[in-house]
Number of protein chains: 2
Amino acid sequence: MSQQSGGHACQSCQIRHLGVLARLPAEHLGQIAQTFHPHVITFGGQETLYYQGDSAQYAYTVRSGFVKLLSMLPDGRTHIVRVLHAGDLFGFEGIVGGKYAHTAMALAKVEVCRFAINELIAVKQEYPEVDSVLTQRWIQSLTKAEDMLVELGAKKTGERLGAFLVRWCETAPKGIEGWVPLPLSRVEIGELLGMTVETVSRALSEWKRQGLFQERGGFIRLPDVERLCANVCNVSVSEVLNVG
Amino acid sequence: MSQQSGGHACQSCQIRHLGVLARLPAEHLGQIAQTFHPHVITFGGQETLYYQGDSAQYAYTVRSGFVKLLSMLPDGRTHIVRVLHAGDLFGFEGIVGGKYAHTAMALAKVEVCRFAINELIAVKQEYPEVDSVLTQRWIQSLTKAEDMLVELGAKKTGERLGAFLVRWCETAPKGIEGWVPLPLSRVEIGELLGMTVETVSRALSEWKRQGLFQERGGFIRLPDVERLCANVCNVSVSEVLNVG
DNA sequence: CGCGGCCTTGAGCCACATCAAGACTAGTGG
DNA sequence: CCACTAGTCTTGATGTGGCTCAAGGCCGCG
C-alpha cells in the first residue's frame, strides 16, 4: 500500500530543480513553508493515486518513477492520456471544476510529492517565479497533447510506435550505453497509442529481428535511430522529434 | 485580403465578456490602454493568420467567425488540432520557444483581436483577474485536448463523428430552432477527426436518411440527439458530453 | 453553358482488429 | 527443487472497418 512520510522540507528536496519551485530563490523556501505543506508519498506498481471524477483537493509532482493518467469510456475501453516523469505536475486540473479529469496510477514503484491545490495557488500568486514556471508547464503540456493528437489522427500504427520510441528514448533519463527504462507493458503502449497489444508486439518483434530495437529486463535501446525513422516513419529524426 | 482597423478600445468591445479581460473591472480598462494595444483584423475564408514555425510576436482572440489551428506532417497530411469560437485565445504558445506551434486559418470570414504577447503578459502580471482567467483557459484547453486524445485513440469513426456533432451543437452559438452553423467542409471534419472525406460523407448521408441529421446551407440540426447517441455511440448523451 | 469545387456513392483491397493457441516468465506453495 | 498457476508476450489465422481509387452528381460562378 501507499506510504506517507511526514511533512517535507522543500529546502532539502533533491529534485527541486525539476519541480514547480525550481526558479524560486532558495531564501524564499523558508517563507513558503508556512503556507505550503507538501507530503512525500510512495505508491507501488498499479496502485491508484486517485480516480477520474474524484473531488480534487491535491495536486502532485513526480519525484521518482512513472505515473500514468488514464481515461476510461463507459464500456471499459481505456486510453492512457499522459505518462509522467520526475518533475511533472499533475492533478492540478482540479482547480477548474473541482474534479480530477483522469485516473492516476503508478506504473511501478513511484514517489510523489502531494500538496493542496489552494496552497499552490497561494504560492503562485505570491511568487512570480512560480507563476511563470506554471505558465510554461501548461503551455508545454498543451503543446504535447496537441502533438499527440496529430500522431493519433494522422499517422498509422507503425509510425506512431516508432515516433513514440524515439521520443521516449530522447526524453527519458538515459542509462548506460543508451539503455533506457520503459516501464510500460505492451498493453499499456497500445492504450497510449490507440492500437492493440498484438499490433504493438508484432511491430516490436519485427524491429528486433531487423536489429532496430533491443530489450532487456524493462530497459530498451534503439541501436539505429536514423534507420528506424527512415524505415518506419519515412522521415528524418528531427522531424519525428519536432512536431508530430 | 486581411484588413486591419486602427487601435481598438477594450471599453467598447462587444465581446469583452468572452475574452481574457472578462473579469477585469471596467474602471481598470482605461489604465491598461497604456500598455495594451490590441488591433482588430478581419480575414476572409481560408486566409492564413500565421504559419506553424513562424516567429510569434502576437496572440489573438476570436471576435466573430471561426478559426482552425492545423498541423501538417512533412508529407502533407494535415490534422486540425482545434477549432476556435468567439472569445477563444490562440497563438499564445509563442511565449514558450517563440514560435507558433500551428498554422492558423480562417474558416470563413472572421474577425480577430490581435495583441503583442508580451503586452498580455504584462497585463496578466499586473491584474490577478486576468491571470486567473488565463489559468482557467489553459487548463480547459488542456482538458479538451486530452478528451480529444481519448476520442481519437479509443473510439471508432462513427462514434467520433457522432460525439463531435453532439458536442458542436451543444457548444456553438445556437440559431433558430436548433439550427447551428457548421463552417467545416467534409474534408475538414475528416482532418479534425482522423478519418477520410468518404467516411464522413457516408455516415452523414446515412444519418440523414435515418432522420438523425439535417443540413441546410451551412447550418445543421440534430432532431433526435438521444437516439443518435444511443444508435451510434451506444451511450447516453451525458456520457458523450462529459468525458470521452 | 461550361468549369471547378464539393459532395456522394460504389467496388475492391489492405491495415489492423479480432480470435485463438502456444511460449515464456515469475511468483507460490508443497 | 520442482510442479502449478497466472500474467505477459508472441505468433498465426481469419475477418472487417475504413481507406483507396474511380465516377458521377450537384451546386455556384464566370
Side-chain angles (χ1 to χ4, degrees), chain A residues 44-46 68 73 75-80 105 107-109 151-162 164-165 182-210 213-220 231-234, chain B residues 44-46 68 73 75-80 105 107-109 151-162 164-165 182-210 213-220 231-234:
Chain A
Q46 302 300 315
K68 64 177 174 182
L73 299 183
D75 67 356
R77 279 175 288 181
T78 298
H79 188 81
I80 296 179
M105 288 177 80
L107 277 177
K109 189 180 172 241
E151 294 284 318
L152 291 175
K155 292 187 177 178
K156 32 192 191 260
T157 57
E159 300 174 286
R160 294 208 288 274
L161 185 57
F164 163 72
L165 290 177
L182 183 72
L184 293 161
S185 71
R186 310 284 139 125
V187 175
E188 287 167 327
I189 295 174
E191 287 172 351
L192 179 66
L193 300 177
M195 52 207 268
T196 58
V197 210
E198 293 93 329
T199 306
V200 175
S201 180
R202 271 185 249 273
L204 292 182
S205 299
E206 178 59 23
W207 294 345
K208 266 185 199 169
R209 269 171 236 127
Q210 297 179 7
F213 173 72
Q214 298 177 327
E215 192 174 27
R216 270 205 328 232
F219 285 72
I220 65 163
N231 275 4
V232 169
C233 317
N234 201 29
Chain B
Q46 301 301 316
K68 64 176 173 182
L73 299 183
D75 67 356
R77 279 175 289 181
T78 298
H79 188 82
I80 296 180
M105 288 178 78
L107 277 177
K109 189 181 172 238
E151 294 284 318
L152 292 175
K155 291 187 178 178
K156 30 192 194 257
T157 57
E159 300 174 285
R160 294 208 288 273
L161 185 58
F164 164 73
L165 290 177
L182 182 72
L184 294 161
S185 72
R186 310 283 138 129
V187 175
E188 286 167 326
I189 295 174
E191 287 171 350
L192 179 66
L193 301 178
M195 51 207 268
T196 58
V197 212
E198 293 94 330
T199 305
V200 175
S201 179
R202 272 184 249 272
L204 292 181
S205 300
E206 178 59 24
W207 295 344
K208 267 185 198 168
R209 270 172 235 126
Q210 298 179 6
F213 174 73
Q214 298 178 328
E215 192 174 29
R216 270 204 328 233
F219 285 72
I220 65 163
N231 275 3
V232 170
C233 316
N234 201 30

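The analysis underlying the following values was restricted to heavy atoms, covering all of them including side chains, and did not include hydrogens, waters or symmetry mates.
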Please find the pair of heavy atoms, one from B:Ala154 and one from A:Leu73, that lie closest to each other, and give the distance. CB-CD1, 4.0 Å
In whole Å, I'd like the distance from the CD1 atom of B:Ile220 to the C1' atom of C:dC7. 16 Å
Report yes if the side chains of B:Leu193 and B:Val200 come closer than 4.5 Å at any heavy-atom pair, otherwise no. no
Identify the two heavy atoms, one from A:Ile80 and one from A:Leu192, that lie closest to each other, and give their separation to 0.1 Å. O-CD1, 3.4 Å
Let me check the geometry of the helix from C:dC1-D:dG30 to C:dG30-D:dC1. What is the bend angle between the axes at its two ends, five pairs each, to 10°? 30°
Do B:Leu161 and B:Leu204 touch side chain to side chain, with heavy atoms closer than 4.5 Å? yes
Could you check how far CD of A:Glu191 sits from P of C:dA17, rounded to whole Å? 13 Å
Would you call A:Glu188 and A:Leu107 a side-chain contact if the rule is heavy atoms closer than 4.5 Å? yes
Once each nucleotide of nucleotides 7-22 of chain D is scored for protein heavy atoms under 4.0 Å, what B/S/- sequence comes out, 5' to 3'? --SBBBB----SSBB-
Donor-acceptor pair, distance only, cut-off 3.5 Å: does the side chain of A:Ser201 make one with the backbone of A:Val197? no
Taking B:Arg160 for its side chain and B:Lys155 for its backbone only, find out whether a donor-acceptor pair lies under 3.5 Å. yes
Please report the closest heavy-atom contact between B:His79 and B:Glu191, naming both atoms and the distance. ND1-O, 3.0 Å
